[in-house]
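This structure is a prediction, so every number in the text was calculated from the model and none was measured.
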Amino acid sequence: MAQRSTDLPAIEAEIERIRSLGLDALRARWRSMFGAMPPMALTKDLIARMMIYRIQEEAFGGLDRSTRKLLDGMAQGEKPGTDVRRRLKAGTVLVREYQGERHTVTVVADGFVWQGTTYGSLSTIARAITGTAWGGPRFFGLRSANNKQEDQDPDELTAKPKQAGRVGTSRGRPRDRISEVQA
């Protein structure tokens with residue numbers, strides 16, 4: 001939204017006026033501000049807060065595009081932080097030692113590079129390395145095994161049941177080493 005005014009004393013005075021209004025006056029003011037009556041279920045406090053936010057938004061600008069996208073996703077039921085690429089910057093190097101062999105994956109703008117080939121997901125690389133249905137973020141140590149199902153990679157939700165004694169457990173075998181180097 002375009003910025004209209006950044007006169008701080010005027011904005012603060014307008015906010016104080018809104019806070020001092022009664023419910024009927026707030027509803028009338030809402031109608032002039034938004035062009036319709038507020039939903040009847042909204043309390044006086046919520047009506048005032050929404051109007052104050054709108055004043056600040058018009059004065060200082062609204063949310064940036066990435067924040068709006070994050071909030072829209074959350075409103076549709078997406079869990080924040082499930083997009084691994086959002087957390088990893090291009091140039092980050094993930095290193096995983098698996099069955100005595102060292103595997104290095106580099107994060108690039110359009111995916112992940114492993115053995116000279118670009119892949120769209122870490123899960124695809126993890127499956128190629130292990131031959132089983134691993135979730136890539138978990139395989140590379142970006143998520144712990146203790147996370148709840150809603151925090152897991154979508155590939156993990158369809159993975160085969162975990163079996164005792166698999167690599168990475170402490171049942172008499174050494175753990176595979178996982179490391180991450182930020183660029």
Parallel, tilted or perpendicular: which describes the rings of Phe139 and Trp134, with under 30° parallel and over 60° perpendicular? perpendicular

Sequence neighbours excluded, the answer for side chain to side chain contact (heavy atoms under 4.5 Å, CB included) partners of Thr67 is Leu63, Asp64, Leu71

Nearest 0.5 angstrom please: Arg27 CZ to Leu23 CG, how far? 4.0 Å

The criterion is side-chain hydrogen bond (donor to acceptor under 3.5 Å, both in side chains); which residues satisfy it with Thr130, sequence neighbours excluded? Thr132

Check residues 37-44 and write down every donor-acceptor pair under 3.5 Å in which the side-chain atom is one partner and the other belongs to a residue at least two apart or another chain.
unit_1	atom_1	unit_2	atom_2	d
Thr43	OG1	Leu46	N	3.2
Lys44	NZ	Leu21	O	3.4

Pairwise ring-ring contact (aromatic ring centres under 6.0 Å, His included) hits with a residue in residues 10-49, at least two apart: Trp30-Phe34

Contacts of Glu12 that satisfy side-chain hydrogen bond (donor to acceptor under 3.5 Å, both in side chains) - sequence neighbours left out: none

Would you please name every residue forming a side-chain hydrogen bond (donor to acceptor under 3.5 Å, both in side chains) with Arg31, sequence neighbours left out? none

Step by step, would you call Phe140 with Ile129 a side chain to side chain contact (heavy atoms under 4.5 Å, CB included)? CA-CA 11 Å; Phe140 285 98; Ile129 292 171; 4.1 Å; yes

Would you please name every residue forming a side chain to side chain contact (heavy atoms under 4.5 Å, CB included) with Ile52, sequence neighbours left out? Ile15, Ile18, Arg19, Gln56

Minimal heavy-atom distance between Ser123 and Gly136, with the atoms involved, is OG-N, 2.9 Å

For Arg17, which residues count as a salt bridge (Lys or Arg N to Asp or Glu O under 4.0 Å) partner, sequence neighbours excluded? Glu14

Asp45: partners by side-chain hydrogen bond (donor to acceptor under 3.5 Å, both in side chains), with sequence neighbours left out: Arg49

Closest non-hydrogen atom pair, Met51 against Leu26: SD-O, 3.8 Å

For the atom pair CZ (Arg29) and CD1 (Ile47), what is the distance rounded to the nearest 0.5 Å? 13.0 Å

Any side-chain heavy atom of Met33 sitting closer than 4.5 Å to one from Ile55? yes

What's the shortest heavy-atom distance between Pro137 and Leu122, and which atoms? N-CB, 4.2 Å

Reported OH-to-OG1 distance for the pair Tyr119 and Thr124, which is rounded to 0.5 angstrom: 8.5 Å

Could I get the full list of side chain to side chain contact (heavy atoms under 4.5 Å, CB included) partners for Thr104, not counting sequence neighbours? Val93, Val95, Arg102

For Asp72, give me all partners under side chain to side chain contact (heavy atoms under 4.5 Å, CB included), at least two apart in sequence or on another chain. none

